[in-house]
Participant: 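One structure follows; several queries about it will come next.
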Amino acid sequence: MEVTPNHTQTVTGWAAMDESGKVEPFIFKRRENGVDDVTIKVQYCGMCHTDLHFIQNDWGITMYPVVPGHEITGVVTKVGSNVSGFKVGDRVGVGCISASCLDCEHCHRSEENYCDKVTLTYNGIFWDGTVTYGGYSNMLVANKRFVVRIPDNLPLDAAAPLLCAGITVYSPMKQHGMLQSGGNLGVIGLGGLGHVAVKFGKAFGLRVTVISTSPAKEREARERLKADDFIVSTNQKQMQAMARSLDYIIDTVSAKHSLGPILELLKVNGKLVLVAAPDQPVELPSFPLIFGKRTVSGSMTGGLKETKEMLDLCGEHNITCDIELVSTDRINEALARLARNDVRYRFVINIGGNSKL
């Protein structure tokens, strides 16, 4: 492994070394804390489906060894001389992005996630040319712009997935006017992203319908997450009964599927937003689009301004993720379960945390 001169801090982490789908303990170096940097003792890191894709090289872009993790929470241990917004001891988080050009139209609007030169928190190339390593590690050095404060009333473990799952559904909700009460929201898929979308929808005063292929999820959707309606997407009768009933739909399903039947659930001028990334193209028939003046769009994570706004709202409404804590020696077991969608609703690795934080 090539070492850059200022990468002198030895860090313990967990990395995938090849496409086998397994991670193992990995010792590596991080940069010294610079004038614009914040050093964070990692307490917790959520396990996103994206981690699985990178570990297995599903998208053909993994640079091994890869240290995954972009739902990171912890405590500040050092701040650079140019850092005014954070101090030692602050409870903070880092999400999907570790750098961007800072000078394009997107960066000026705090849409850093759409910058042409965006650097991901792991498997990216940082400003100094080094490969970024993520939150499956005991310490992180982050540029101050890409660090956010976690509200004091939110536990660091259950707040961690908000940094990816939370902002990924919040950003399109804001963009498409879903934050006003009174609308009808459909959420496809009841996993890490979907369960947060339901919580946001209920908090913002929307009527929420969960759409799933699994009838077994109806009880948890209604009782645990307080969804108003539930549709089994393979049940023609139920789908037809809900035709033209929804203003918006957020599609969180990462498997290949047809958008045609889903679009029929939207009212005229309804909006469908894709936030997952199936590795095969989805089917998009034209008739449900043109006969209902409906719109299909996509959204990827969110910028830092929106992330801070989302976290503040979560603090205000006491919204966190439903999680299952995993010890560092059981990461591979959790990855195998994640591949089977056997989690309610997000695994979070306990890296250096305790329940009081």
Side-chain angles (χ1 to χ4, degrees), residues 46 48-50 70-71 93 95-97 106 109-114 148 151 154 158-212 221 225-231 242 245-254 259 262-263 265-267 269-277 294-322 345-346:
C48 177
H49 223 278
T50 300
H70 59 205
E71 300 179 342
C96 305
I97 306 166
H106 303 295
R109 288 200 298 259
S110 194
E111 293 180 343
E112 298 91 347
N113 48 317
Y114 296 118
V148 292
L154 301 183
L162 294 172
L163 295 159
C164 170
I167 186 58
T168 296
V169 294
Y170 176 80
S171 183
M173 289 182 86
K174 183 180 179 186
Q175 169 76 25
H176 296 288
M178 301 182 207
L179 305 187
Q180 289 82 32
S181 63
N184 292 282
L185 169 68
V187 177
I188 305 179
L190 198 57
L193 295 172
H195 93 285
V196 183
V198 174
K199 289 188 178 195
F200 283 166
K202 295 301 292 182
F204 301 146
L206 301 172
R207 183 175 181 86
V208 180
T209 299
V210 171
I211 303 143
S212 173
L225 298 171
K226 305 295 185 266
D228 300 285
D229 288 303
F230 185 90
I231 306 174
M242 292 293 285
S245 66
L246 304 175
D247 299 291
Y248 327 102
I249 296 175
I250 294 177
D251 187 344
T252 73
V253 173
S254 54
L259 302 184
I262 294 163
L263 286 166
L265 299 173
L266 286 169
K267 295 177 183 176
N269 210 29
K271 297 175 175 64
L272 168 61
V273 185
L274 309 180
V275 292
R294 298 170 177 116
T295 304
V296 178
S297 65
S299 186
M300 184 193 73
T301 68
L304 272 296
K305 184 181 175 186
E306 275 186 348
T307 303
K308 291 170 186 172
E309 189 180 283
M310 180 268 308
L311 285 168
D312 287 344
L313 278 168
C314 287
E316 188 184 320
H317 293 280
N318 205 28
I319 296 171
T320 55
C321 299
D322 293 6
Y345 288 96
R346 201 65 145 192

Participant: Are Phe204 and Met173 packed together at the side-chain level, in the sense that at least one heavy-atom pair is separated by less than 4.5 angstrom?
Facilitator: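 Yes, close enough: below the 4.5 Å cut-off.
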Participant: Mind checking whether Tyr170 and Phe200 have parallel, tilted or perpendicular rings, split at 30° and 60°?
Facilitator: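 Rings of Tyr170 and Phe200: perpendicular, as their planes differ by over 60°.
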Participant: Grab the two heavy atoms, one from His317 and one from Ala203, that are nearest each other, plus how far apart they are.
Facilitator: CE1-O, 3.8 Å
Participant: Check whether any side-chain heavy atom of Val210 sits under 4.5 Å from a side-chain heavy atom of Leu225, and report yes or no.
Facilitator: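 A side-chain contact is absent here, since even the closest heavy-atom pair is not under 4.5 Å.
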Participant: Compare every heavy atom of Ala221 with every heavy atom of Leu190, then report the nearest pair and how far apart it is.
Facilitator: CD2-CB, 3.9 Å
Participant: Within a strict 4.5 Å, meaning less than it, do heavy atoms of the His70 and Ile97 side chains meet?
Facilitator: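 No, their side chains stay 4.5 Å or more apart.
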Participant: By side-chain contact (heavy atoms from CB on, under 4.5 Å), which residues pair with Ala159, not counting sequence neighbours?
Facilitator: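 Only Ile150, Leu154, Leu162 meet the side-chain contact (heavy atoms from CB on, under 4.5 Å) criterion with Ala159.
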Participant: List the atom of Gly186, the atom of Leu246, and the distance in Å for their closest heavy-atom pair.
Facilitator: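 Smallest heavy-atom distance, with atoms named: CA-CD1, 3.8 Å.
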Participant: Going through the checks in order, is the side-chain hydrogen bond (donor to acceptor under 3.5 Å, both in side chains) test met by Thr307 and Glu309?
Facilitator: CA-CA 5 Å; Thr307 303; Glu309 189 180 283; over 6 Å; no
Participant: Rounded to the nearest 0.5 Å, how far apart are CD of Glu71 and CZ of Arg346?
Facilitator: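 CZ of Arg346 is found 4.0 Å from CD of Glu71.
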Participant: Among residues at least two apart in sequence or on other chains, which ones pass ring-ring contact (aromatic ring centres under 6.0 Å, His included) with Tyr248?
Facilitator: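 In terms of ring-ring contact (aromatic ring centres under 6.0 Å, His included), with neighbours along the sequence ignored, Tyr248 is linked to no residue.
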Participant: Pick one: which of Leu259, Leu265, Thr295 meets side-chain contact (heavy atoms from CB on, under 4.5 Å) with Leu272?
Facilitator: Leu259
Participant: If you define the side chain from C-beta out and look only at heavy atoms, does anything of Cys314 sit under 4.5 Å from Thr320?
Facilitator: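 A side-chain contact is absent here, since even the closest heavy-atom pair is not under 4.5 Å.
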Participant: Are side-chain heavy atoms of Ile262 and Ile249 found at a separation under 4.5 Å?
Facilitator: yes
Participant: Give me the atom names and distance for the closest heavy-atom approach of Thr301 to Cys96.
Facilitator: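 Shortest heavy-atom separation between Thr301 and Cys96 comes out as CG2-SG, 3.5 Å.
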Participant: CZ/Arg207 to CG/Asp247 distance, rounded to the nearest 0.5 angstrom?
Facilitator: 12.0 Å
Participant: Side chains of Thr168 and Met300: does their closest heavy-atom pair fall under 4.5 Å?
Facilitator: no
Participant: So that I can tick it off, tell me whether Glu111 and Lys305 are bridged by a salt bridge, with the cut-off set at under 4.0 angstrom between side-chain N and carboxylate O.
Facilitator: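 Looking at Glu111 together with Lys305, the answer is no, because their closest N to O distance does not fall below 4.0 Å.
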Participant: For the pair Asn113 (side chain) and Gly303 (backbone), establish whether a donor and an acceptor sit closer than 3.5 Å, ignoring hydrogens and angles.
Facilitator: yes
Participant: ring-ring contact (aromatic ring centres under 6.0 Å, His included) with His106: which residues, sequence neighbours excluded?
Facilitator: none
Participant: Let me see the working for Val196 and Cys321 under side chain to side chain contact (heavy atoms under 4.5 Å, CB included), right down to the final yes or no.
Facilitator: CA-CA 7 Å; Val196 183; Cys321 299; 3.7 Å; yes
Participant: After noting the C-alpha distance and the side-chain angles of His176 and Val273, does the key distance pass the side chain to side chain contact (heavy atoms under 4.5 Å, CB included) rule?
Facilitator: CA-CA 9 Å; His176 296 288; Val273 185; 3.5 Å; yes
Participant: Starting at NZ of Lys174, measure out to CG of Leu313 and round the result to the nearest 0.5 Å.
Facilitator: 9.5 Å
Participant: If you round to the nearest 0.5 Å, how far is CG of Asn318 from NZ of Lys199?
Facilitator: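 Output value for this atom pair is 9.0 Å.
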Participant: Could you give me the CA-CA distance, side-chain angles and deciding distance for Asn184 and Leu206, then say whether side chain to side chain contact (heavy atoms under 4.5 Å, CB included) is met?
Facilitator: CA-CA 6 Å; Asn184 292 282; Leu206 301 172; over 6 Å; no
Participant: Looking only at heavy atoms, which two atoms of Val169 and Leu193 are closest? And how far apart?
Facilitator: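 Looking at all heavy atoms of both residues, the shortest contact is CG1-O, 3.8 Å.
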Participant: How many angstroms lie between CE in Met310 and CG in Asp312, if you round to the nearest 0.5 Å?
Facilitator: 9.5 Å
Participant: Taking all non-hydrogen atoms of both residues, which atom of Val253 and which atom of Asp251 are closest, and how far apart?
Facilitator: N-OD1, 3.1 Å
Participant: Determine whether Met178 and Lys271 satisfy the following criterion, side chain to side chain contact (heavy atoms under 4.5 Å, CB included), listing intermediate values before the conclusion.
Facilitator: CA-CA 10 Å; Met178 301 182 207; Lys271 297 175 175 64; 5.5 Å; no
Participant: How many angstroms lie between atom CZ of Arg294 and atom CG of Leu266, to the nearest 0.5 angstrom?
Facilitator: 6.0 Å
Participant: State, yes or no, whether a side-chain contact exists between Val275 and Ile250 at a heavy-atom distance under 4.5 Å.
Facilitator: yes
